[in-house]
Number of protein chains: 2
Amino acid sequence: MPRTVLSPDEIDDFRERLVEAATGLVARRGYEGVTRRRLASELCCSPMTPYRYFSDKAEIFAAVRTAAYQRFTAAQEASTVDGLDALEGLDALGRAYVAFALAHPDAYRLMFELGQPSPDGFPELRAAELGSWTPLRQAMERAVEAGVVTGDPELLAHVFWAGVHGLVSLQLAGKLVFSRPIEELVEPMLRTLFLGNRGPAADGTAPEGEPSEIPNRERAT
Amino acid sequence: MPRTVLSPDEIDDFRERLVEAATGLVARRGYEGVTRRRLASELCCSPMTPYRYFSDKAEIFAAVRTAAYQRFTAAQEASTVDGLDALEGLDALGRAYVAFALAHPDAYRLMFELGQPSPDGFPELRAAELGSWTPLRQAMERAVEAGVVTGDPELLAHVFWAGVHGLVSLQLAGKLVFSRPIEELVEPMLRTLFLGNRGPAADGTAPEGEPSEIPNRERAT
DNA sequence: CGCATTTGTTGACAATGTAAATTTTACACT
DNA sequence: AGTGTAAAATTTACATTGTCAACAAATGCG
């Protein structure tokens with residue numbers, strides 16, 4: 001029988017401080033700069049101590065990413081202020097999304113970088129990941145109900161998501177060659193997403209009578 | 001005076017083989033799996049030999065990325081078949097973009113991953129990067145001239161780019177929770193991009209007839 | 001108090017990128 | 001041909017990483 005066991009509080013406390021330190025290190029020295037030994041020196045403990053609380057580095061990063069998702073989710077939810085109609089809410093959400101990503105590029109990278117290890121085996125991470133996605137889905141369901149956009153909410157949410165994510169992803173990767181600040185891209189992107197999904201019955205502007213000149217191949221390979 | 005010097009052809013040959021091997025390694029063992037020693041064993045040379053041809057690992061990856069951009073550019077240009085009008089051309093380009101990204105996820109990651117080292121100091125890489133961007137810009141200029149979309153071509157190209165990039169980026173990162181195959185997202189995305197920019201002004205100026213219910217704040221923080 | 005069990009530390013190991021030293025190779029000149 | 005010198009390639013060495021195993025310290029029940 002165990003004679004001495006760390007209380008859950010102590011464990012959580014240490015894990016939290018470690019995640020905090022790791023997050024700071026990522027922001028300060030980049031993803032590659034997070035070293036177990038550096039981490040230990042920040043926490044004033046020996047390099048192997050974190051192994052008592054995390055089985056390996058993957059688990060550490062899983063915790064860091066989980067925290068990032070939670071903060072991201074909170075930032076999105078904070079954008080939902082009262083008095084906004086469905087369209088304004090969606091717009092505010094999109095801007096909050098972009099603002100968070102630009103303000104915390106490293107956190108965003110941790111969350112959405114291609115090639116991050118999959119959350120398999122980390123249920124908390126998986127849950128946080130899904131959680132960060134629900135504000136948009138909810139806002140989209142509301143928007144569809146209100147009739148400001150038309151279509152399958154799940155599909156629409158993905159399209160919106162991809163739009164804003166693509167923007168910040170390219171920006172953070174330094175790929176944009178746009179001559180003006182990125183804010184002047186966010187506006188057109190959101191406008192595009194709204195106008196492009198207003199749907200046929202929204203206000204009669206784009207009636208079905210016009211089967212759209214949009215290419216509609218499906219059999220083209 | 002040098003008694004023996006590698007001919008430029010020999011140098012290029014070796015560099016090419018090395019880039020080839022590195023590309024294969026990235027595809028096979030992932031980005032982190034590219035090791036100088038593994039590279040050497042694939043090339044049947046000693047681990048330090050590549051240092052004669054590349055000053056460090058960053059330069060190796062710069063070459064790998066340059067090659068990837070060139071292939072990507074070629075794939076996009078190949079989508080421009082004759083007999084397509086401006087809209088069809090843009091559509092075909094978008095599909096070619098997605099197809100390439102999905103077919104070569106590692107190459108795409110190398111090109112567009114957030115946090116890849118910047119191309120500073122690698123003019124060839126920078127040029128290849130810019131080159132991969134011109135097919136879209138040209139197609140967009142053509143589309144604007146043809147009147148199928150309206151607005152500043154540079155801005156429109158960025159919006160389109162972000163749209164498709166966002167889609168493949170999320171897909172490759174395994175973030176999509178869409179219940180159906182991604183192809184069923186590409187179609188709506190392209191349709192959204194087209195429909196959302198058909199209007200008389202997508203550059204911030206509100207369309208005349210319809211004062212647009214789209215939120216148009218600018219001073220909101 | 002005694003001592004088993006937990007907690008934390010130290011040392012060691014393999015693999016990595018890189019630098020310096022060293023060996024091998026091949027051409028130019030006598 | 002023979003040789004010397006500079007280029008090309010290899011070998012050796014080192015610092016840093018993540019991880020494992022053995023070790024020391026502390027702690028609370030009997």
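As the structure is a computational prediction, the values presented were derived from the model and not from experiment. Computed over heavy atoms, backbone and side chain alike; hydrogens, waters and symmetry mates excluded.
Under 4.0 Å is where a charged nitrogen must lie from a carboxylate oxygen, and between Arg95(A) and Glu187(A) at least one such pair does. At a threshold of 4.0 Å, the pair Glu129(B)-Lys175(A) counts as salt-bridged, since one of the basic side-chain nitrogens sits closer than that to a carboxylate oxygen. Ion pairing between a basic and an acidic side chain is recognised when a charged N comes within 4.0 Å of a carboxylate O; Arg180(A) and Asp152(B) show such pairing.
Put simply, OH on Tyr31(B) is 11 Å from P on dG17(C), counting in whole angstrom units. If you take CZ of Phe54(B) and C1' of dG17(C), they are 16 Å apart, rounded to a whole angstrom. One interatomic measurement links the two molecules: CG of Leu43(B) to C1' of dA9(D), which rounds to 14 Å at whole-angstrom precision.
Thr134(A) and Gln138(A) form no side-chain donor-acceptor contact under 3.5 Å, judged by distance and modelled atom types alone.
No donor-acceptor pair closer than 3.5 Å links the side chain of Arg37(A) to the backbone N or O of Pro47(A).
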**OP:** Let me have a per-nucleotide readout for nucleotides 15-25 of chain D, 5' to 3', with B, S or -, counting only protein heavy atoms under 4.0 Å.
**Re:** --BBBB-----
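Applying the side chain to side chain donor-acceptor pair (under 3.5 Å) definition to pairs two or more places apart or across chains, those involving residues 16-36 of chain A are Arg28(A)-Glu42(A), Arg36(A)-Tyr51(A).
Close to dT7(C), at under 4.0 Å from its OP1 or OP2, lies no side-chain N or O of Tyr53(A).
When the P atom is used for both dG2(C) and dT6(C), the distance is 22 Å, rounded to whole Å.
Residue contacts for Phe14(A): at a heavy-atom cut-off of 4.0 Å it reaches no nucleic acid atom on any strand shown.
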